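Predicted, not measured: the structure shown is a model, and the values here were computed from it. Atoms considered below: every heavy atom in the structure, side chains included; atoms not considered: hydrogens, waters and symmetry mates.
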Amino acid sequence: MGDFNESLCGCFSDIETCLCVWCCPCIQFGRNAEKVKEGQGILCGVLWFVVMAFTGLGCVLQFYMRGQIREKYGMEANPLMDLLCSWFCGCCTMAQEARELKARG
């Protein structure tokens with residue numbers, strides 16, 4: 001149980017991920033999705049791009065992905081915090097998820 005080991009505001013500890021999230025978040029979203037659900041990385045990246053392009057609500061997909069990461073690693077569910085992080089700190093949240101997935105292998 002527990003929570004994310006990586007800090008929400010630790011973006012600069014992994015510059016490559018930080019730049020990917022900032023410049024092309026659909027690619028990082030796809031990379032994260034691939035680590036959570038193998039074989040779905042490209043589809044999820046494209047879906048995130050389309051949702052952002054037409055509605056601006058990529059945070060909804062990110063909220064769902066955050067829940068999937070928690071489930072995969074047996075982390076305690078925290079939907080309210082996940083929603084707030086995904087909505088207000090989308091880039092930092094996605095970078096945190098990427099670092100967490102990288103650290104856990």
Check whether any side-chain heavy atom of Asp3 lies under 4.5 Å from a side-chain heavy atom of Glu76, and answer yes or no.
->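 Not touching, per the 4.5 Å side-chain cut-off.
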Are Arg99 and Ser13 close enough that some pair of their side-chain heavy atoms sits under 4.5 Å apart?
->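 Counting from C-beta outward, Arg99 and Ser13 do come under 4.5 Å.
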So if you build clusters from Ile, Leu, Val, Met, Phe, Trp, Tyr with side-chain heavy-atom gaps below 4.5 Å, do [X] and [Y] land together?
X	Y	answer
Trp48	Ile27	no
Phe49	Val36	no
Phe29	Phe63	no

For [X] versus [Y], what's the shortest heavy-atom pair and its separation?
X	Y	value
Thr17	Ala98	CG2-CB, 3.5 Å
Cys23	Pro25	C-CD, 3.8 Å
Gly90	Gln62	O-NE2, 2.8 Å
Glu34	Gly41	OE1-N, 2.9 Å

Supply the atom-to-atom distance [X] [atom1] to [Y] [atom2], rounded to the nearest 0.5 angstrom.
X	Y	atom1	atom2	value
Phe12	Leu19	CZ	CG	8.5 Å
Ser86	Met81	OG	CE	11.0 Å
Met52	Thr55	CE	OG1	7.5 Å
Cys11	Met94	SG	CE	11.5 Å
Leu83	Phe88	CG	CZ	8.5 Å
Met75	Ile69	CE	CD1	7.0 Å

Is there a donor-acceptor pair under 3.5 Å between the side chain of [X] and the backbone N or O of [Y]?
X	Y	result
Thr93	Cys85	yes
Lys102	Glu97	no
Glu6	Gln96	no

Checking Arg70 against Phe4: charged group under 6.0 Å from the ring centre and within 45 degrees of the axis?
->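 The answer is no; the distance or angle limit is not met.
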Ion pair present between Asp82 and Arg66, side-chain N to carboxylate O less than 4.0 angstrom?
->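 Here Asp82 pairs with Arg66 in a salt bridge, since their nearest N and O are under 4.0 Å apart.
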Within a radius of less than 6.0 Å around CG of Leu8, do more than 12 heavy atoms belonging to other residues, nucleotides or ligands occur?
->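 Enclosed.
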Show the numbers, then the answer: is there a side-chain contact (heavy atoms from CB on, under 4.5 Å) between Leu57 and Trp87?
-> CA-CA 9 Å; Leu57 293 174; Trp87 184 267; 3.8 Å; yes
